[in-house]
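Owing to the predicted nature of the structure, the values given are computational and were not obtained by experimental measurement. Within every chain, numbering begins at 1; the chains are lettered A, B, ... in the order of the sequence lines, protein sequences first and strands thereafter.
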Amino acid sequence: MKRYNPTEIEPKWQKFWDDNATYVADLNSDKKKYYAMSMFNYPSGAGIHIGHAMNYTISDVMARFKRQQGYESYHPVGWDAFGLPAENFAIKSGISPQESMKKIIPGYHKQYKAMGWSNDWSKEIATHDPQYYKWTQWIFAEMFKAGLAYQDSRMQWWCDKDKTVLSNEQVIDGKCWRHDSSDDPLVAKREIKQWFFKITDYAEELLEATDALDWTDTVKLAQKNWIGKSQGAEIDFVVEDSGQKIRVFTTRPDTLFGATFLVMAPEHPVLAKLTTHDQKQAVDTYVTESTKKSELERMENKEKTGVFTGSYAINPATNKKVPIWVADYVLYGYGTGAIMAVPAHDERDEEFAKKFDLPVVQVVGDDDCMKGSGKFDGLDVNKAREDIVSWLESESVGESKTTFKIRDWSVSRQRYWGAPIPIINCPTDGAVLVPNEDLPVVLPELDDFAPSGDGRSALARADDWLKVKCPKCGGDAERETDTLDTYICSSWYFLRYLDPTNDEKIFDSNIANKWQPVDFYNGGDHATAHMIYARFVTRFLHKKGLIDNPEPFKRFLFNGKVTAADGQMFSKSKGNGVDPLEIINSGYGADSLRTYLMFAAPLDLWVRWDEQGVPGTYRFLNRVWTLVQEYDEASEGEKSDAMLRTVHWAIKKATADIDDQKYNTAIAAMMELTNDLYKIKVKDNYGDRANWKFALESLVALVAPFAPHMSEELWQQLGHDTSVHRDSWPQWDDTYLASDTMTIAVQVNGKLRAEIQVSADASDDDIKSQALAQDNVVKFVGDNEPLKVIYVPKKLVNVVAK
RNA sequence: GCGCAGGUGGUGGAAUUGGUAGACACGAGAGACUUAAAAUCUCUUGGCCGAAUAGGCCGUGCGGGUUCAAGUCCCGCCCCGCGCACCA
């Protein structure tokens, strides 16, 4: 008997699938989900593509496997794209993941090398995909034409390790998203001129559309919080003497009469103007110190700090003088960067007022009605809010205003890799778009990829590439040296996948509309950034009339991750990671690992790594294997249909569970089926060839999404010459699930006292009287007449007695 | 602080959404095979009483409640985890 040996089987089928990629991906099959799961035949799929992400090893594993498979490089779009959803797209579009991977692989390693990363794969030479860059650049160009891409100089997060700016979304706990280990530095802010996408223009509609999404509430809420809409008013305070206006944003215009001082952010541009001579030194010192502090330090220090500017403004409602302070608890990036402080009705202002002994004036009573607010006294706060805003507007000292927390998306990166921004900077014409016919702008080959040190990328040194003629005036000009955030690439790859070879346009709308939106998108760690960007770009393309549906993903599941046994995240610096390759190569194989990761817990739960887990699923796969081997060696014998009931039950259960993304219970059903078949084969010794063939084929096909290699091998052994991954999903037949008898639980006062077997067509009364006749029921009911007998059809009888 | 999701055996987790709690697996124990071990196969495994695969009592974080019936619903606590966090 042949033994189960993953080390031998897995490479064999990997090669087979590589050679027959389009054959495996069958567009016409309606077994989408099944395909989606089983398609990805790289062993790395164990860790990544079929569920729980082993978070820290993603890059390494991908790179190593790409190299094993003969690919020279990979890209984040790559691993995003290779996930479950990507397989979906690959299938829908009729191309294989391998094929799509070849399409979408811009360079990466060169930059890593430049960063001094030590991974051996960084030695590899990068390749770029001009086609993919071309359409990413085209999106930039269209955004630019629509006024949605603009350049601005502002303070921006800066990662010293990558020598690049980061978006707000890429800063996690004060650290760069790529460098977030304990030994990595905190990021700081720098003033840099860079490109932005005006995602704020879409804030309102992104927010409004969020509720209708069929996503989990947690993720929807994260999106809403990130967009962070607040309604309120902007109000002008005039500085005494100078006449300078200071505009503040508040969500509580009703408390205007209680505004007893103003607070400005240290970065506020008019601050210097209104600081008095006496206070100048104190203010300057404070501003310098607080800008030096990282935002994280500012947040950690909850103790309020601040300095008086020496100036006063007039509260437009009370006409009273209120002092103007500077304090870093006011954020320059939000609202107007200045606030009216109402210590009576705002905790933070109250804290500040207490510390610096500033006046507190109550303007809302316990009854939620206004007081001390002149003609607005007695009004309900909600009414007062409206009335005060109308009054402000009529007096031209303020207006109703809605503010969002979300900022424009910073898309410039000072990295070598990534699609170059298709802009030419001309001394006379300014920023000029590279004409469409000149796209793509391809990265030049360089020997040294380190950033140029002046805040620009390595591209600044590529003279031949850099120096060009202005498309408008023909004069000498230079290319933009920033490249685009790779998040842009991952914001639309799912659309390109549908039509990956189109040279004419970004994708064909008819094809895209046929498949969009994505039915089921499974990812990790993408509750905000990626999901908001992808929604934004899709909406933009929708507005351009390229795609009907403005939302990219119908369902989104944020899968859990595997953590170390102590619950901590895997991390390189802690050295507590688990390398999927080690497990695979130690003889258990990728199939066992994949199956374990799916079996350990529901997909959205985080699981702790358990060393015993993979041996467990290996044992299960081994049992499946053995069944097929023994069947092969057994000979014709007695007829038997003992296995059919359990087979049909398992097909039904597993199919429903997989549809529901309940992979753990689907696998449990397959294990039950296997255990049952073991018991049956002892009795009939595989005598009924036809029934056993059906049973084993069904089992193998069910297991295939989780253990694609082994199933393929067994499928061939069972006499097929087509792939198990092609239209093999078994059908169940309900007639085998019907039973002549059923088991009814019998309770007395809700406690289980007996079980009875009754025929399936027994009448309710019959069942009730049988239940009442049980010895144990009689014992507990006693002599008294039962008060009530409840029969829950096909389940239980509950006798209510005194 | 705000929000979200949870709390079930020694462990990971099941439970058709109000209907037999603990599926399946890990771990543990026993047996078969073996010179032996590993592998494999079979059985046992929530706690307590009991010879029992007779039956009983207790049991889903804690305290109350609704119901014929509560892991599931309601009220009040406690504890872990995650996300956001000086957003005016």
**Whole-Å distance separating the CG atom of Leu621(A) from the P atom of rC24(B)** = 18 Å

**Asked** Under 4.0 Å between a Lys/Arg side-chain N and an Asp/Glu carboxylate O for Lys2(A) and Asp632(A)?
**Response** no

**Message:** Under 3.5 Å for both donor-acceptor distances, Watson-Crick or wobble: does rA54(B) have a partner, and if so which one?
**Reply:** none

**Prompt:** Does rG71(B) have a Watson-Crick or wobble partner in any strand here, with both distances under 3.5 angstrom, and which is it?
**Reply:** none

**Leu796(A), nearest nucleotide to its side chain (from rU20(B), rA14(B), rA69(B))** = rU20(B)

**Request:** Send over the distance from Trp606(A) CH2 to rC80(B) C1', rounded to a whole Å.
**Result:** 15 Å

**Proximity to the side chain of Gln747(A) - top-ranked nucleotide from rG19(B), rC58(B), rG56(B)** = rG19(B)

**Prompt:** When you measure from the side chain of Phe249(A), which nucleotide among rC86(B), rA88(B), rA23(B) comes out closest?
**Reply:** rA88(B)

**Asked** For rU20(B), does the O4'-C1'-N9-C4 (purine) or O4'-C1'-N1-C2 (pyrimidine) torsion place it in syn, i.e. within 90° of 0, or in anti?
**Response** anti

**Prompt:** For Lys401(A), which contact category applies under a 4.0 Å heavy-atom criterion: base, sugar-phosphate, or nothing?
**Reply:** nothing

**Request:** Would you indicate, yes or no, if rG55(B) has its OP1 or OP2 atom less than 4.0 angstrom from a side-chain nitrogen or oxygen of Arg753(A)?
**Result:** no

**Message:** Less than 4.0 angstrom between a side-chain N/O of Tyr334(A) and OP1 or OP2 of rA88(B), yes or no?
**Reply:** yes

**Message:** Can you tell me if Lys245(A) has over 12 outside heavy atoms packed within less than 6.0 Å of its NZ?
**Reply:** no

**Message:** Considering every strand and a 4.0 Å limit on heavy-atom distances, what is the contact class for Phe352(A): base, sugar-phosphate, or nothing?
**Reply:** nothing

**Request:** Respond yes when some side-chain nitrogen or oxygen of Thr626(A) is under 4.0 Å from OP1 or OP2 of rU40(B), and no when none is.
**Result:** no

**Message:** Would you say that more than 12 heavy atoms from the other residues, nucleotides or ligands in this model lie under 6.0 Å from the CZ of Phe249(A), or not?
**Reply:** yes

**Prompt:** To the nearest Å, how far apart are Arg252(A) CZ and rA88(B) P?
**Reply:** 12 Å

**Prompt:** Counting only Watson-Crick or G-U wobble pairs whose two distances fall under 3.5 Å, which nucleotide matches rG10(B)?
**Reply:** rC26(B)

**Item:** Spacing of the C1' atoms in rA30(B) and rU66(B) (rounded, Å)
**Value:** 47 Å

**Asked** Closer than 4.0 Å, any side-chain N/O of Lys653(A) to the OP1 or OP2 of rA14(B)?
**Response** no

**Side-chain N or O of Gln612(A) closer than 4.0 Å to phosphate OP1/OP2 of rG27(B)** = yes

**Prompt:** Which whole number of Å gives the distance between the P atom of rG3(B) and that of rC77(B)?
**Reply:** 14 Å

**Prompt:** Out of rG19(B), rA15(B), rC24(B), which nucleotide sits closest to the side chain of Lys795(A)?
**Reply:** rG19(B)

**Item:** N or O in side chain of Asn675(A) less than 4.0 angstrom from rA23(B) OP1/OP2
**Value:** no

**Message:** For Tyr686(A) and Tyr631(A), take the angle between the two ring planes, folded into 0 to 90°, and tell me which bin it lands in: parallel under 30, tilted 30 to 60, perpendicular over 60.
**Reply:** perpendicular

**Asked** P atom, rC26(B) versus rC74(B): distance in rounded Å?
**Response** 37 Å

**Asked** For rG83(B), does the glycosidic angle fall within 90° of 0 (syn) or outside that (anti)?
**Response** anti

**Request:** Using atom CD of Gln629(A) as one end and atom P of rC41(B) as the other, report the distance to the nearest whole Å.
**Result:** 14 Å

**Request:** State which of rC86(B), rA15(B), rU20(B) makes the closest approach to the side chain of Tyr329(A).
**Result:** rC86(B)

**Prompt:** Rounding to the closest angstrom, what is the interatomic distance between rU8(B) and rA14(B) at atom P?
**Reply:** 12 Å

**Prompt:** Cut-off 3.5 Å, side chains only: do Glu755(A) and Thr743(A) have a donor facing an acceptor?
**Reply:** no

**Request:** Could you tell me which nucleotide pairs with rA39(B) by Watson-Crick or G-U wobble geometry, both distances under 3.5 Å, or answer none if nothing does?
**Result:** none

**Request:** Rounded to whole angstrom, note down the C1' distance from rG61(B) over to rC78(B).
**Result:** 7 Å

**Asked** Does the side chain of Tyr596(A) pick up a donor-acceptor pair with the side chain of Asp591(A) at under 3.5 Å?
**Response** no

**Message:** Please confirm whether the shortest side-chain N or O distance from Asn225(A) to OP1 or OP2 of rC4(B) is below 4.0 Å.
**Reply:** no

**Request:** For Tyr4(A) and Tyr618(A), run ring pair (Phe, Tyr, Trp, His ring centres under 6.0 Å): C-alpha distance rounded to whole Å, both residues' side-chain angles, the deciding distance at 0.1 Å, then the answer.
**Result:** CA-CA 10 Å; Tyr4(A) 174 44; Tyr618(A) 173 80; 5.6 Å; yes

**Request:** Describe the nucleic acid contact of Gly335(A) in one word from base, sugar-phosphate, nothing, applying a heavy-atom distance below 4.0 Å.
**Result:** nothing

**Message:** From the set rU20(B), rC86(B), rC58(B), return the single nucleotide nearest to any side-chain atom of Ala745(A).
**Reply:** rU20(B)

**Message:** Classify Arg608(A) by what it touches in the nucleic acid, base, sugar-phosphate, or nothing, heavy-atom distance under 4.0 Å.
**Reply:** nothing

**Request:** Decide ring pair (Phe, Tyr, Trp, His ring centres under 6.0 Å) for Phe308(A) and Phe356(A); before the verdict, give the C-alpha distance in whole Å, the side-chain angles of both, and the deciding distance to 0.1 Å.
**Result:** CA-CA 9 Å; Phe308(A) 179 43; Phe356(A) 295 104; over 10 Å; no

**Message:** Could you tell me the Watson-Crick or G-U partner of rC62(B), where both distances fall under 3.5 Å? Say none if there is no partner.
**Reply:** rG76(B)

**Pairwise C1' distance for rU60(B) and rA15(B), with rounding to whole Å** = 11 Å

**Asked** In whole Å, what separates the C1' atom of rG6(B) from that of rC58(B)?
**Response** 25 Å

**Lys2(A) NZ - rU40(B) C1' separation (whole Å)** = 19 Å

**Prompt:** Taking the side chain of Ile790(A) as heavy atoms from C-beta outward, which of rA88(B), rA23(B), rG19(B) is closest to it?
**Reply:** rG19(B)

**Prompt:** Whole Å only: how far is the CG atom of Asn749(A) from the P atom of rG19(B)?
**Reply:** 19 Å

**Message:** Check the phosphate of rG83(B) against Lys220(A), side-chain N and O only, distance under 4.0 Å to OP1 or OP2. Yes or no?
**Reply:** no

**Asked** OP1 or OP2 of rA14(B) less than 4.0 angstrom from a side-chain nitrogen or oxygen of Asn664(A), does that happen here?
**Response** yes

**Prompt:** Which part of the nucleic acid does Ile339(A) contact within heavy-atom distance under 4.0 Å: base, sugar-phosphate only, or nothing?
**Reply:** base

**Prompt:** With a 4.5 Å heavy-atom cut-off, do Lys229(A) and Glu204(A) have their side chains touching?
**Reply:** yes

**Request:** Round to a whole Å and report the spacing from NZ of Lys788(A) to P of rU67(B).
**Result:** 11 Å

**Asked** What does Phe599(A) touch in the nucleic acid at a heavy-atom separation under 4.0 angstrom: a base, only the sugar-phosphate, or nothing?
**Response** base

**Item:** Partner nucleotide, any strand, of rC33(B) [Watson-Crick/G-U, under 3.5 Å]
**Value:** none

**Item:** Assigned partner base of rG1(B), Watson-Crick or wobble definition, under 3.5 Å
**Value:** rC84(B)

**Message:** Among rA23(B), rC58(B), rC86(B), which nucleotide has an atom closest to any side-chain atom of Lys751(A)?
**Reply:** rC58(B)

**Message:** Say we look at rC75(B) and rG9(B): how far apart would their C1' atoms be, to the nearest angstrom?
**Reply:** 29 Å

**Asked** Quick one: is Arg619(A) getting a side-chain N or O under 4.0 Å of the rG27(B) phosphate, OP1 or OP2?
**Response** yes

**Item:** Any side-chain donor near an acceptor of the partner, Gln629(A) and Arg3(A), under 3.5 Å
**Value:** no

**Asked** So which nucleotide from rU42(B), rU20(B), rG55(B) ends up closest to the side chain of Thr743(A)?
**Response** rU20(B)

**Prompt:** Where the side chain of Met671(A) is concerned, which of rA23(B), rA69(B), rA25(B) is the nearest nucleotide?
**Reply:** rA25(B)

